[in-house]
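Chain A is the first sequence line, chain B the second, and so forth, proteins listed ahead of strands; every chain is numbered from 1.
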Protein chains: 2
Amino acid sequence: MSHTYRYPRPALTVDIVVFGLDAEDLQVLLIERDGKPFRGQWALPGGFVDVGESPDDAARRELEEETGLSEIFLEQLYTFGNPGRDPREHVVTIAHYALVNLNEHDVKASSDARNAAWFSINDLPKLAFDHSEILKVALDRLRAKVRYQPIGFELLPKKFTLRQLQHLYELILDRELDKRNFRKKVLATEIVKETNQFEKDVAHRAARLYRFDQRKYDRMTKQGFNFEV
Amino acid sequence: MSHTYRYPRPALTVDIVVFGLDAEDLQVLLIERDGKPFRGQWALPGGFVDVGESPDDAARRELEEETGLSEIFLEQLYTFGNPGRDPREHVVTIAHYALVNLNEHDVKASSDARNAAWFSINDLPKLAFDHSEILKVALDRLRAKVRYQPIGFELLPKKFTLRQLQHLYELILDRELDKRNFRKKVLATEIVKETNQFEKDVAHRAARLYRFDQRKYDRMTKQGFNFEV
DNA sequence: TTCGTTAGTGTATAAAATACACTAACAAGG
DNA sequence: CCTTGTTAGTGTATTTTATACACTAACGAA
């Protein structure tokens, strides 16, 4: 079956920059390309937008198909459509970025039998197409957004220590923060609530675990949120 | 001539929210629809993305074709692609927004012989498609962006008084600002430079004219720019 | 000459950001 | 069980930034 149009149309795809957090680094999920072009090179997960499907849905579907990830934070980033970005034909891609908590989401083998792996943002391979540029834009966006919207929490487990949270902010913003001022500021926003639990199996004094206050979180996500840490 | 693809493709368009400033209000440029659907209703200027053309180029081309505007500030906004947004078929649109100075750019009759007109953002007609939603997103973006990037200047003539600038900020942010604090803050950023000229033909003390410092402007556009007026 | 209107200026106060150092708790290892 | 290593947890003083606020100057119009 084929489809015919009066005028030529660019192909329309989605690509997703998936950020994850491990103990040491901010990471990005990449897929090893199977087909041409750029066979064997690493690329962002993504695929074609079906007719009748919103771009966001397409991004979620492709992400689940290629990596098994579902129900994660996902937002549109920017649309890249330079005619030369794909050597085969004019392909316009709606780039998205996603945040996942590595403890609670496993990346399973993809249905396409393509290889998926996490890479530190400080040690990235050469990427196919213009995916390096997309990744750079995503990282800039994440850095900018984390300052006025509490999205970074998506990268942490449900319960977390303030140290983990501070570490996350330090990784994203790429600079050190003052412990006392950070705690003061976070607690003042009231988007985290203390629990009566403490971390376990650590070779030092155990830190208290905190969790999000979902109600405050929703409110702050919509309204202004100043986090000039 | 027709074009055939293995899988169906959504149509790809651009739409542009053009903001302009007159003495009283922030305005938006709309086009009266000629063809179906929504014939006779007002809509954002826009059109199809050609194969081999970047979305930004498409937006500039369509804007020039439909309104005669060229060489203006234009940025990508967001891509809207809900399948139901166009009743005919699945059309994905890459929305842009643009800022023009009404004194230096005339909107000429469009080549399509369609009617173009400015509307105050406080008195908008019902718009075709999901264009009201696009306009709302554009306005939110403008309001947010003006606080950390000096883009508002694009709406003013080359030489302007500080009062005009303050008025612009008041219109965009929709609240009154303190004159002394505003002047203090603007001059502190050093993105405006005083000239030796003064406004003319005003029935009161003439105000000094200022102009952008393009070098500072470029630097501030890239780096942080905090304008919490 | 008066009136109306906007230009242009500084200071005091409040709020927010920053810099900074010690004691507490706990596990590991001798 | 005592010492060591490591991270948790806490407050205050200082600097910076934002805010609130009112008068004189200039100029055209009447």
Less than 3.5 Å apart, any donor N or O on the side chain of A/Gln166 or A/Lys179 sitting next to an acceptor on the other?
no
Closest to the A/His204 side chain, choosing from D/dG9, D/dA29, D/dT6
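So the side chain of A/His204 is nearest to D/dT6.
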Could you say whether A/Asn181 or B/Ala206 is positioned toward the 5' end of DNA chain C, judged by the nucleotide with the nearest heavy atom to each?
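Between the two, 5'-proximity favours B/Ala206.
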Please tell me which of B/Thr161 and A/Asp178 maps to the more 5' nucleotide of DNA chain C, matching each residue to the nucleotide holding its nearest heavy atom.
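It is B/Thr161, whose closest nucleotide lies nearer the 5' terminus.
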Check this for me, if you would: do A/Lys158 and A/Glu104 make a salt bridge, where the nitrogen-to-carboxylate-oxygen distance has to be below 4.0 angstrom?
yes
Students often get this wrong, so: under 4.0 angstrom with heavy atoms, is [X] touching a base, only sugar-phosphate, or nothing?
X: A/Arg163; result: sugar-phosphate
X: B/Arg208; result: sugar-phosphate
X: B/Ala207; result: sugar-phosphate

Would you say that B/Asp123 contacts B/Asp25 through its side chain, given a criterion of any heavy-atom pair below 4.5 Å between the two side chains?
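No, every pair of side-chain atoms sits at 4.5 Å or beyond.
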For this output row, return yes or no: ring centroids of A/Phe38 and A/Phe129 closer than 6.0 angstrom.
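A/Phe38 vs A/Phe129: aromatic centres under 6.0 Å.
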Assess whether one donor atom and one acceptor atom, taken from the side chain of A/Lys184 and the base of D/dT12, lie less than 3.5 Å apart.
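Under the 3.5 Å cut-off, the side chain and the base do form a donor-acceptor pair.
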If you take atom types as modelled and just measure distance, does the side chain of B/Arg180 reach the base of C/dA7 with a donor-acceptor pair under 3.5 Å?
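Absent.
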Distance below 4.0 Å between B/Lys179 side-chain N/O and C/dG8 OP1 or OP2
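Result: no.
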Is the phosphate of D/dT6 approached by A/Arg205 (side-chain N or O, under 4.0 Å from OP1 or OP2)?
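Result: no.
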